[in-house]
Amino acid sequence: MYNKNKDILYRDLEIPESIWKKANAAFSQIHEEEKIPSKKRVRIFRLPKAAAAVIICCLILGTTVAAMELISLYRQRMEAMGKQEIEKLYQLAHAEEATGMNRPFTAEERERYESLTEEYEKNGRFPEKTLVILENAGSYNGQGVAIDASTRTLYLHEGSLSDEELLEIIDFNHKIVYSIYEKNQERILAQGNWESRMAAMTDEEVDRIYLAYCASNLETGGGFSRELSQSESQRYEELNARYENEGIYPEQELPIIMTLAEYTGSGVAFCQENSTYCLPEGEVSDFELLQIIDFDHKILWCFDRIHYEIQMGFREGYPKAE
């Protein structure tokens, strides 16, 4: 059996490491060796380098996003942000490099920050107010906590920070990361290309494709049921380029079958039993190749999107078959 991409799960996600480490695990950096050709890789949710700079020094603790008991509260808070607030935070994200904090957290503040981050994410414990954004450099009066928009310096008063003040910083961290996420999604959808097609997929579609691939036997299967002919391989490459560059998509999705016995020998299908694209004996048509190309892209996109949403705190974990 010809194994086209047995190691499809092992791929490099092009997301800045600084964001993964500093944004309360809102993002994550994965560097796993892969064997699939670069032309098969799908990289999503790419953020400009300026966005990495947004994770200002206040995002220094890197606590992980735990399983969400009340995940809907956190997601609702993020999605309730108005366009004006998102735009303001996004612009702040693309300002000059941050200069730092006016003082570091104490050990006790750091410990409470980590504990409060977990409460914020898991139990919906939010601040009563939002972090003050100072428009003019040097205007901090030594009261409360605030961030200077011109230098992106986070100002902390000299006394011990209250839980409310720490929550304001935590809330700001999450909102600014979500603003980058939201603007990036907006950009992707506006492109009108294959990435927009992927981004428009519903949670149900994403889960279905993810579960179909994860339920398949990746140890003994993978690839095509037979080797592509030279003509088929050439057309596959040409159609893959047109799929990504010209927006040529199949009119119908690739069928997913549970067992090889279900395959009728007509058309193409993805078989969960052996993680294989079932091909007819005759020449595969352009339409059928596009179905496979589309499914290939969707598999990688779904894995990336689910992983990303877990790190964002929008999912408790990976989908599980009922």
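Numbers here simply count residues along the sequence, with the first being 1.
With salt bridges taken as basic N to acidic carboxylate O contacts below 4.0 Å, none links Glu121 and Arg77. With salt bridges taken as basic N to acidic carboxylate O contacts below 4.0 Å, one links Glu85 and Lys175. In summary, Arg112 and Glu108 engage in a salt bridge, as defined by a charged side-chain N under 4.0 Å from a carboxylate O. For the pair Asp203 and Arg305, the salt-bridge criterion is met [side-chain N within less than 4.0 Å of a carboxylate O].
Taking Arg242 as the reference, Glu246 meet the salt bridge (charged side-chain N to carboxylate O under 4.0 Å, His left out) condition, with sequence neighbours excluded. In this view, Phe287 satisfies the ring pair (Phe, Tyr, Trp, His ring centres under 6.0 Å) rule with no residue, not counting sequence neighbours. A search for ring pair (Phe, Tyr, Trp, His ring centres under 6.0 Å) contacts involving Phe126 returns Tyr120, not counting sequence neighbours.
Criterion: ILVMFWY side-chain heavy atoms under 4.5 Å apart, direct or through other members. Under it, Ile133 and Met101 are part of a common hydrophobic cluster. Under the 4.5 Å side-chain heavy-atom criterion for ILVMFWY residues, no single connected hydrophobic cluster contains both Leu260 and Ile256. Ile257 and Val284 fall into different hydrophobic clusters, where Ile, Leu, Val, Met, Phe, Trp and Tyr side chains are chained together by heavy-atom contacts under 4.5 Å.
A side-chain donor from one of Asp296 and Tyr277 sits under 3.5 Å from a side-chain acceptor of the other. There is a side-chain donor-acceptor pair under 3.5 Å between Asp294 and Tyr243. Residues Gln230 and Gln234 bring no donor and acceptor atom of their side chains to less than 3.5 Å of each other.
The minimum heavy-atom distance between Ser285 and Arg235, with the atom names listed, is C-NH1, 3.7 Å. Contact record, Thr276 with Phe224: CG2-C, 3.6 Å, taken as the closest heavy-atom pair. The two residues Gln185 and Ala199 have their closest heavy-atom pair at NE2-CB, 4.3 Å. Closest of all the heavy-atom pairs between Tyr90 and Ile180 is CD1-CA, 4.0 Å.
Tyr181 has its ring centre less than 6.0 Å from the ring centre of Tyr308.
Not one N or O on the side chain of Asn123 forms a donor-acceptor pair closer than 3.5 Å with the backbone of Arg125. Proximity of a side-chain donor or acceptor of Glu135 to a complementary backbone N or O of Ser150 within less than 3.5 Å is not detected. Between the Ser225 side chain and the Leu279 main chain, a donor and an acceptor come within less than 3.5 Å of each other. Side chain of Gln76 to backbone of Leu73: no donor-acceptor contact under 3.5 angstrom is found.
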* Verdict with reasoning, His297 to Glu244, per side chain to side chain contact (heavy atoms under 4.5 Å, CB included) -> CA-CA 10 Å; His297 283 71; Glu244 295 184 354; 2.7 Å; yes
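Considering Glu281, Glu283, Glu232 as possible partners of Arg226, the one that fulfils the salt bridge (charged side-chain N to carboxylate O under 4.0 Å, His left out) test is Glu232.
Met78 has its side chain within reach of His174: a pair of non-hydrogen atoms, C-beta onward, lies under 4.5 Å apart. Residues Ile169 and Phe105 have side chains in contact (heavy-atom distance under 4.5 Å, counting atoms from C-beta outward). Contact check for Pro255 versus Gln291: side-chain heavy atoms found under the 4.5 Å cut-off.
Separating the OH atom in Tyr318 from the CD1 atom in Ile306 is a distance of 8.0 Å, to the nearest 0.5 Å. Here the CD1 atom belonging to Ile176 is positioned 12.0 Å from the CD1 atom belonging to Ile86, to the nearest 0.5 angstrom.
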